[in-house]
Protein chains: 2
Amino acid sequence: MARAATTSDVFNAIAEPQRRDILVLLRTGERPVTELARELGMTQPGASKHLRVLREVGLVRDRKAGKQRLYGLDARGLRPVHEWAGGFERFWNESFDRLDAYVQELKQARQEE
Amino acid sequence: MARAATTSDVFNAIAEPQRRDILVLLRTGERPVTELARELGMTQPGASKHLRVLREVGLVRDRKAGKQRLYGLDARGLRPVHEWAGGFERFWNESFDRLDAYVQELKQARQEE
DNA sequence: CAATCATATTCCCTTATCGGCATGCGTCAA
DNA sequence: TTGACGCATGCCGATAAGGGAATATGATTG
């Protein structure tokens, strides 16, 4: 089996730097594909492909506007990512050397009481 | 060019569900590889491979303990992920339906002036 | 040293990427 | 209707992923 499809979940979709760039750019408002590609220095087909992935995981919505197709942000899918990473918050605030070893020692000491 | 290497950055490393499982499990303390593999229902080589990726992006540390090798969490690398996703917080708090409704209200209010 | 246990690495296979390029398809204007 | 424009899709090539199985490496014990 190869890596799971990027279209399968949000974590995979945002693993690609250019797709993260697209999401950040879309915070400032909707954009047609060509403008997006120009602002981020990618080809039009390239942008379309990344947008497709983002659409399939629900991070982006599109609507027709005449000849153009406007892409807009739908960031709700990023909330689980934020919360998942947030679950580790207390771990990156601690000084790390030997923290686990220290915890183990505490457990042992408690059992020996 | 193919997909970027999973060892290249944290976003890629956590794109794989089993690796996220490993990180979550390690919040409860250090573990030798075999125990980790057993608790998560993966093979020993499978666990070792995932741990290698996590180690190369700095999300886990290992230390020798006799015959075993204990893996422990180093969650500092998850902080950028948390912050990046947090940058979208104000966008997921408004449902899009309500946002549209809000825009309609603005339009109406403006016409009634 | 030999045997054993814990872990890492290698090889093989199937599959998914990402980029470039060409082309298809829909929409609008003349 | 015929172009021109905007975007999506298809195909190709190169690369790397992740699982399984076998094997190598490393440390410990007898």
Side-chain angles (χ1 to χ4, degrees), chain A residues 1-23 25-26 29-57 59-72 100 104, chain B residues 1-23 25-26 29-73:
Chain A
M1 221 183 281
R3 182 192 270 192
T6 56
T7 57
S8 60
D9 77 318
V10 173
F11 281 93
N12 259 299
I14 65 172
E16 158 67 44
Q18 305 205 70
R19 285 197 288 266
R20 292 200 297 276
D21 291 343
I22 290 177
L23 293 175
L25 180 57
L26 288 181
E30 290 180 322
R31 284 214 181 24
V33 177
T34 308
E35 185 181 333
L36 215 152
R38 186 174 46 74
E39 296 190 79
L40 295 178
M42 43 180 102
T43 65
Q44 174 268 310
S48 279
K49 287 173 187 171
H50 284 312
L51 285 167
R52 179 190 176 123
V53 172
L54 293 172
R55 198 190 334 147
E56 294 193 23
V57 298
L59 286 174
V60 142
R61 297 167 296 110
D62 65 302
R63 69 182 173 90
K64 290 184 192 170
K67 233 188 299 190
Q68 300 183 328
R69 180 174 292 264
L70 295 180
Y71 278 88
D100 280 332
Q104 298 305 323
Chain B
M1 220 182 280
R3 182 189 273 191
T6 56
T7 57
S8 60
D9 77 319
V10 173
F11 281 92
N12 260 297
I14 65 171
E16 158 67 44
Q18 304 202 74
R19 284 197 288 265
R20 292 200 297 277
D21 291 343
I22 289 176
L23 293 175
L25 180 57
L26 289 181
E30 288 181 323
R31 290 226 180 6
V33 176
T34 308
E35 185 181 332
L36 216 152
R38 186 175 45 75
E39 295 190 79
L40 295 178
M42 45 180 103
T43 65
Q44 175 267 311
S48 279
K49 287 173 189 171
H50 284 312
L51 285 167
R52 179 190 176 124
V53 172
L54 293 172
R55 199 190 339 154
E56 293 193 21
V57 298
L59 286 174
V60 300
R61 297 167 1 269
D62 64 301
R63 70 184 174 90
K64 291 184 192 171
K67 231 188 301 189
Q68 300 184 329
R69 177 173 293 263
L70 295 180
Y71 278 89
L73 186 62

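Here is how names work: the chains are called A, B, and so on, in the same order as the sequence lines, proteins then strands, and each is numbered from 1.
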key: Sugar-phosphate, base or nothing in reach of A/Gly66, heavy atoms under 4.0 Å   = sugar-phosphate
message = Rounded to whole Å, please give me the gap between CZ in B/Arg31 and C1' in C/dA6.
response = 17 Å
Selected nucleotide, minimal atom distance to A/Thr6 side chain, candidates D/dC11, C/dC18, D/dG18 = C/dC18
inquiry  = Please determine whether any donor N or O and acceptor N or O are separated by less than 3.5 Å between the side chain of A/Lys64 and the base of C/dG26.
reply    = no
Lys/Arg N to Asp/Glu carboxylate O, B/Arg31 vs B/Glu39, below 4.0 Å = yes
ask   = Expressed in angstrom and rounded to an integer, what is the separation of A/Asp62 atom CG from D/dA8 atom P?
value = 7 Å
task = Ignoring hydrogens and angles, answer whether the base of C/dA6 and the side-chain atoms of B/Gln44 contain a donor-acceptor pair closer than 3.5 Å.
result = no
task = Looking only at side-chain atoms of B/Gln68, point me to the closest of C/dT7, C/dG20, C/dC11.
result = C/dT7
request  = Under 4.0 Å between any heavy atoms, over every strand shown, what does A/Ala4 touch: base, sugar-phosphate, or nothing? Just pick one.
outcome  = sugar-phosphate
Sugar-phosphate only, base, or nothing, as touched by A/Pro32 at under 4.0 Å among non-hydrogen atoms = sugar-phosphate
request  = Determine the sole option in B/Leu36, B/Val53, B/Leu73, B/Leu59 for which the side-chain contact (heavy atoms from CB on, under 4.5 Å) test with B/Ile22 is passed.
outcome  = B/Leu36
inquiry  = For B/Arg55, is the CZ atom crowded, meaning more than 12 foreign heavy atoms sit under 6.0 Å from it?
reply    = yes
Whole-Å gap separating P (C/dG19) and CE (A/Met42) = 8 Å
inquiry  = Return whichever of B/Ala47 or A/Gly46 has its heavy-atom-nearest nucleotide of DNA chain C closer to the 5' end.
reply    = B/Ala47
inquiry  = From the set D/dC7, D/dG19, C/dT7, return the single nucleotide nearest to any side-chain atom of B/His50.
reply    = D/dG19
task = Answer yes or no: is there an ion pair linking B/Arg20 with B/Glu16, defined by an N-O contact shorter than 4.0 Å?
result = no
ask   = When the distance from CG of B/Leu51 to P of C/dT7 is rounded to whole Å, what number comes out?
value = 10 Å
query = Is the side chain of B/Arg19 donor-acceptor paired with the backbone N or O of B/Ala13 at a distance under 3.5 Å, no angle test?
reply = yes
key: Whole-Å gap separating P (D/dA27) and CZ (B/Arg63)   = 16 Å
key: CD on B/Glu56 to CG on B/Asp9, rounded to 0.5 Å   = 12.5 Å
note = Rounded to whole Å, NZ of B/Lys49 lies from C1' of D/dG20 at a distance of 7 Å
ask   = Where the side chain of A/Pro45 is defined as all heavy atoms beyond and including C-beta, which of C/dT10, C/dC21, C/dC18 is the nearest nucleotide?
value = C/dC21
query = Which nucleotide sits closest to the side chain of A/Arg55: D/dA8, C/dA6, C/dC18?
reply = D/dA8
query = Are A/Gln18 and C/dG19 close enough that a side-chain N or O sits under 4.0 Å from OP1 or OP2?
reply = yes
task = Give the nucleotide from the list D/dC7, D/dG18, D/dA22 with an atom nearest to the side chain of A/Arg69.
result = D/dC7
task = Counting heavy atoms from C-beta on, name the nucleotide in D/dG19, D/dA8, D/dG6 closest to the side chain of A/Tyr71.
result = D/dA8
message = Can you tell me if B/Ser48 touches the phosphate of C/dT7, counting only side-chain N or O atoms and a distance under 4.0 Å to OP1 or OP2?
response = no
inquiry  = Closest approach to the side chain of A/Lys67, judged atom by atom: which nucleotide of C/dC5, D/dG6, D/dA21 is it?
reply    = D/dG6
Spacing of A/Ile22 atom CD1 relative to C/dC18 atom P, expressed in whole Å = 11 Å
ask   = So does B/Arg52 get a side-chain nitrogen or oxygen closer than 4.0 Å to the phosphate oxygens (OP1/OP2) of C/dA8?
value = no
request  = Please report, rounded to the nearest Å, how far the P atom of D/dC7 is from the CD atom of A/Glu30.
outcome  = 13 Å
